[in-house]
Amino acid sequence: MSDQDRILPGIMLMLGFCTIAPLIDVASKLAAQGVPVGTVTLGRYVAQMLLMLPIVALMGQPFGMTRRALWLTFARAAVSIAATYTFVAAIQHMPIADALAIAFVEPFIILLIGYFFMGEEVGPRRIGASVVGFMGVLCVIQPSFARFGAVALYPLGSAISFALYILLTRALSRHMHPIPMQLHTAWAAVVLMLPVLALGGTFEIGQFQLVPPTGIFWLWCFCVGLAATVSHMSMSYALKFAPSSTLAPLHYFEILTATLFGYLVFGDFPNALTWVGIAIITSSGLYLIHRERLAAKARKAPLPDAPLGP
């Protein structure tokens, strides 16, 4: 298959991710109406673990890992839990599209982490795009904060956690295939969450409790894990077929699908100021991707020949 022939399947898989990923949020919001957020979060990883186990076995992928990969897996699982919990806690009260728009500040956070903590070279234009992106986030937070209070800040916690998740995924990908990575992250998350929820139940700490679902809520909890597994598998294979620079702009399609599902299932629709914020976040994000492409081309460009001496 030629490079050009591989790009189209990659694009289709990425669009599939953007269509399926909001169903994680829909199922989470439905499940959180009947069980604590901690239980919904745990349910995602239990379902993901059970779904990924036979897939990894059928693909003949190894189950073992190095000690470094094990530590990276637990770190990845920890930030994944934080990202999932804070986002589910947010959409329990606020519209999915609003929460997702705030969480889309994540690319700017990755850029700033690289600049301040990893010494990566970042030009003033990309810093400017990040500042503009944060201004867009404020446009979304302002009406949400007035209506929902501190809950409107939860997606920021989700964005920070997911930014760390992406960075840890990059590090772990040097040691592990992306398919078993999903399995190992799932069981590691279960191992980390069970004692936390046990303590939460003992001391009756709000949403940090394990309460077995009843009735339809079993289905919603399972669907959280099912949608997460299918969507992340779709993204993994999209990146296998097409370069990330091609796929990254398509990720903003998720805001539209999330808005559609939020309206169809819950009757939520963003107000005018939220749409302004979404437009600013999307525009600055696309500009940031454009600058990343230019920077990547500059790094790959051959150096000019040295001038001949006299």
Side-chain angles (χ1 to χ4, degrees), residues 20-51 77-104 140-141 144-145 147-162 165 186 189-190 192-194 196-201 203-232 254-255 257-270 274:
I20 298 169
L23 295 176
I24 305 172
D25 310 326
V26 171
S28 297
K29 191 176 180 76
L30 291 169
Q33 294 174 1
V35 292
V37 174
T39 300
V40 177
T41 305
L42 176 65
R44 170 197 167 163
Y45 295 108
V46 171
Q48 181 175 324
M49 179 178 65
L50 295 176
L51 290 166
V79 295
S80 179
I81 291 169
T84 302
Y85 181 92
T86 50
F87 197 80
V88 175
I91 62 174
Q92 187 181 27
H93 302 286
M94 62 189 297
I96 293 173
D98 293 40
L100 187 63
I102 297 170
F104 260 85
V140 182
I141 288 178
S144 297
F145 192 86
R147 183 178 176 187
F148 303 108
V151 170
L153 300 178
Y154 284 10
L156 280 179
S158 181
I160 294 170
S161 300
F162 195 71
Y165 175 86
V190 171
L192 291 173
M193 286 206 68
L194 282 175
V196 173
L197 295 182
L199 287 173
F203 297 101
E204 298 183 354
I205 304 175
Q207 298 290 328
F208 287 94
Q209 298 187 52
L210 178 58
V211 178
T214 58
I216 193 66
F217 295 104
W218 277 108
L219 176 62
W220 299 141
C221 286
F222 175 76
C223 286
V224 174
L226 176 62
T229 301
V230 174
S231 62
H232 283 271
E254 187 182 349
I255 293 181
T257 55
T259 301
L260 176 62
F261 287 132
Y263 177 72
L264 292 176
V265 180
F266 304 105
D268 296 329
F269 196 78
T274 299

Problem set entry | All side-chain contact (heavy atoms from CB on, under 4.5 Å) counterparts of A27, not counting sequence neighbours | C223, V224
Exercise. A227: what forms a side-chain contact (heavy atoms from CB on, under 4.5 Å) with it, not counting sequence neighbours?
Worked result: I20, L23, I24
Problem set entry | Y263 vs D268 side-chain heavy atoms within contact, under 4.5 Å | no
Problem set entry | Sub-4.5 Å side-chain heavy-atom contact between F266 and V26 | yes
Problem set entry | Partner set under ring-ring contact (aromatic ring centres under 6.0 Å, His included) for F148, not counting sequence neighbours | none
For this session: Sequence neighbours left out, what pairs pass side-chain hydrogen bond (donor to acceptor under 3.5 Å, both in side chains) with at least one residue falling in residues 210-229?
Result: none
For this session: Among V196, V35, L42, find the one that has a side-chain contact (heavy atoms from CB on, under 4.5 Å) with L210.
Result: L42
What pair of heavy atoms forms the shortest contact from [X] to [Y], and how long is it?
X: E254; Y: P22; value: CG-CG, 3.8 Å
X: Y45; Y: I81; value: OH-N, 3.3 Å
X: A77; Y: A189; value: CB-N, 3.6 Å
X: Q33; Y: K29; value: CG-O, 3.3 Å
X: T84; Y: R44; value: OG1-NH1, 3.0 Å
X: L30; Y: F217; value: O-CE2, 3.4 Å

Side-chain donor-acceptor pairs of residues 90-104 under 3.5 Å, sequence neighbours excluded:
{"residue": "Q92", "atom": "NE2", "partner": "A32", "partner atom": "O", "Å": "3.2"}

How many angstroms lie between [atom1] in [X] and [atom2] in [Y], if you round to the nearest 0.5 Å?
X: F87; Y: D25; atom1: CZ; atom2: CG; answer: 4.5 Å
X: L226; Y: C221; atom1: CG; atom2: SG; answer: 13.0 Å
X: L260; Y: I255; atom1: CG; atom2: CD1; answer: 14.0 Å

For this session: Indicate yes or no for a side-chain donor-acceptor contact from Q207 to the backbone of G38 under 3.5 Å, with no hydrogens or angles considered.
Result: no
For this session: Show the numbers, then the answer: is there a side chain to side chain contact (heavy atoms under 4.5 Å, CB included) between T41 and M193?
Result: CA-CA 9 Å; T41 305; M193 286 206 68; 3.6 Å; yes
Expected list for residues 151-162: side-chain donor-acceptor pairs under 3.5 angstrom, two or more places apart:
{"residue": "S158", "atom": "OG", "partner": "A83", "partner atom": "O", "Å": "3.0"}
{"residue": "S161", "atom": "OG", "partner": "G157", "partner atom": "O", "Å": "2.9"}

